[in-house]
Amino acid sequence: QVQLVESGGGLVQAGGSLRLSCAASGRTLSRYAMGWFRQAPGREREFVAAISWSGGSTYYADSVKGQFTIYRDSAKNTVYLQMNNLKPEDTAVYYCAADLFGAGSRSTVDYDYWGQGTQVTVSS
């Protein structure tokens, strides 16, 4: 079992930055691809970013490419999502997820473990 806990969300003005963290316990994340997804009210959960289990490949939704960066710190067993130049449309609950030996899927069904989510609110 892998337990994932997100943190770092909050209220920020448009143009600001936040860094989300996803800390894991129970097992090392070294064999897991990690993904970030988000869900706004009334909308389906959508892919944001992913990093392969090796850390060698990263993937982004077109809407956040060049704006968000996903990276992992193996020593801390934590994955991060650096979010810059935030926009009101980035407002959502952000979830991290783990996929054993994954390549960095964009599909929620490929992930085995999920965190509880952290709220990000961007004011205009």
Side-chain angles (χ1 to χ4, degrees):
Q1 287 284 341
V2 176
Q3 292 79 42
L4 303 173
V5 178
E6 302 97 333
S7 61
L11 174 63
V12 63
Q13 288 188 333
S17 298
L18 285 173
R19 188 182 74 163
L20 304 184
S21 300
C22 175
S25 61
R27 290 184 182 175
T28 175
L29 289 181
S30 62
R31 294 178 293 175
Y32 289 84
M34 298 299 296
W36 284 97
F37 293 77
R38 66 186 181 187
Q39 188 166 19
R43 301 187 65 175
E44 292 187 354
R45 193 169 298 188
E46 65 174 4
F47 170 77
V48 174
I51 185 167
S52 62
W53 71 270
S54 67
S57 299
T58 56
Y59 308 91
Y60 297 94
D62 289 342
S63 59
V64 305
K65 199 170 295 183
Q67 182 188 357
F68 291 3
T69 302
I70 185 172
Y71 60 100
R72 61 199 307 160
D73 185 333
S74 297
K76 296 183 178 180
N77 214 28
T78 299
V79 175
Y80 301 94
L81 184 69
Q82 177 67 44
M83 307 187 295
N84 298 327
N85 191 26
L86 284 161
K87 308 167 186 175
E89 51 264 42
D90 294 317
T91 295
V93 177
Y94 284 71
Y95 300 89
C96 69
D99 175 17
L100 183 62
F101 289 127
S105 172
R106 297 170 181 260
S107 175
T108 58
V109 300
D110 290 326
Y111 289 83
D112 306 299
Y113 302 100
W114 291 83
Q116 82 291 347
T118 185
Q119 176 71 47
V120 172
T121 303
V122 184
S123 63
S124 57

When hydrophobic residues are tied together by side-chain contacts of less than 4.5 Å, even through go-betweens, does Val64 share a cluster with Tyr59? no
Pairing residues for Asn77 by the side chain to side chain contact (heavy atoms under 4.5 Å, CB included) criterion, not counting sequence neighbours: Ala24, Thr28, Leu29
Under the side chain to side chain contact (heavy atoms under 4.5 Å, CB included) test, residues paired with Thr58 that sit two or more places apart: Ile51, Tyr60, Ile70
Can you pull the disulfide bond (SG atoms under 2.5 Å apart) pairs that have at least one residue in residues 49-124, sequence neighbours excluded? Cys22-Cys96
The criterion is side chain to side chain contact (heavy atoms under 4.5 Å, CB included); which residues satisfy it with Val93, sequence neighbours excluded? Tyr95, Gln119
Just jot down the ring-ring contact (aromatic ring centres under 6.0 Å, His included) partners of Tyr80, sequence neighbours excluded, or say none. Tyr71
Heavy-atom side-chain proximity of Leu81 to Thr69 below 4.5 angstrom: no
Does any part of the side chain of Gln1, heavy atoms only, come nearer than 4.5 Å to the side chain of Arg27, both counted from C-beta? no
Once ring-ring contact (aromatic ring centres under 6.0 Å, His included) is applied, do any residues pair with Tyr94, and if so which ones, sequence neighbours excluded? none
For Ala103 and Ala33 the tightest heavy-atom approach is N-CB, 4.1 Å
From Gln39 atom CD to Glu44 atom CD, the distance as rounded to the nearest 0.5 Å: 8.5 Å
Within the 4.5 Å heavy-atom criterion, are Leu20 and Glu6 side-chain neighbours or not? no
Testing the basics here: between Thr118 and Gly9, what is the closest heavy-atom pair and its distance to 0.1 Å? OG1-N, 3.2 Å
Counting only N and O atoms by type, is there a donor-acceptor contact under 3.5 Å from the side chain of Asp99 to the main-chain atoms of Gly35? no
ILVMFWY clustering at 4.5 Å (side-chain atoms), partners of Leu11: none
Going by ring-ring contact (aromatic ring centres under 6.0 Å, His included), name the residues that satisfy it together with Phe68, two or more places apart in sequence or in a different chain. none
For the backbone of Ser57 and the side chain of Ser52, can you confirm whether one donor and one acceptor N or O come within less than 3.5 Å of each other? yes
Applied to residues 16-54, the ring pair (Phe, Tyr, Trp, His ring centres under 6.0 Å) test, sequence neighbours excluded, yields Phe37-Phe47, Phe37-Tyr111, Phe37-Trp114, Trp53-Phe101
Side chain proximity check, Arg38 to Val120, heavy atoms < 4.5 angstrom: no
Ignoring hydrogens and angles, tell me if any N or O in the side chain of Gln67 forms a donor-acceptor pair with the backbone of Asn84 under 3.5 Å. yes
Is Lys87 salt-bridged to Asp90, going by a charged N under 4.0 Å from an acidic O? no
Minimum heavy-atom separation for Ala98 to Met34, with atom names? CB-SD, 3.6 Å
Side chain to side chain contact (heavy atoms under 4.5 Å, CB included) partners for Ala40, two or more places apart: Arg43, Ala92
Nearest-0.5 Å distance, CD of residue Glu89 to OG of residue Ser124: 10.0 Å
Residues that Thr78 engages under side chain to side chain donor-acceptor pair (under 3.5 Å), provided they are two or more places apart: none
Residue pairs fulfilling disulfide bond (SG atoms under 2.5 Å apart) with at least one residue in residues 23-94, sequence neighbours excluded: none
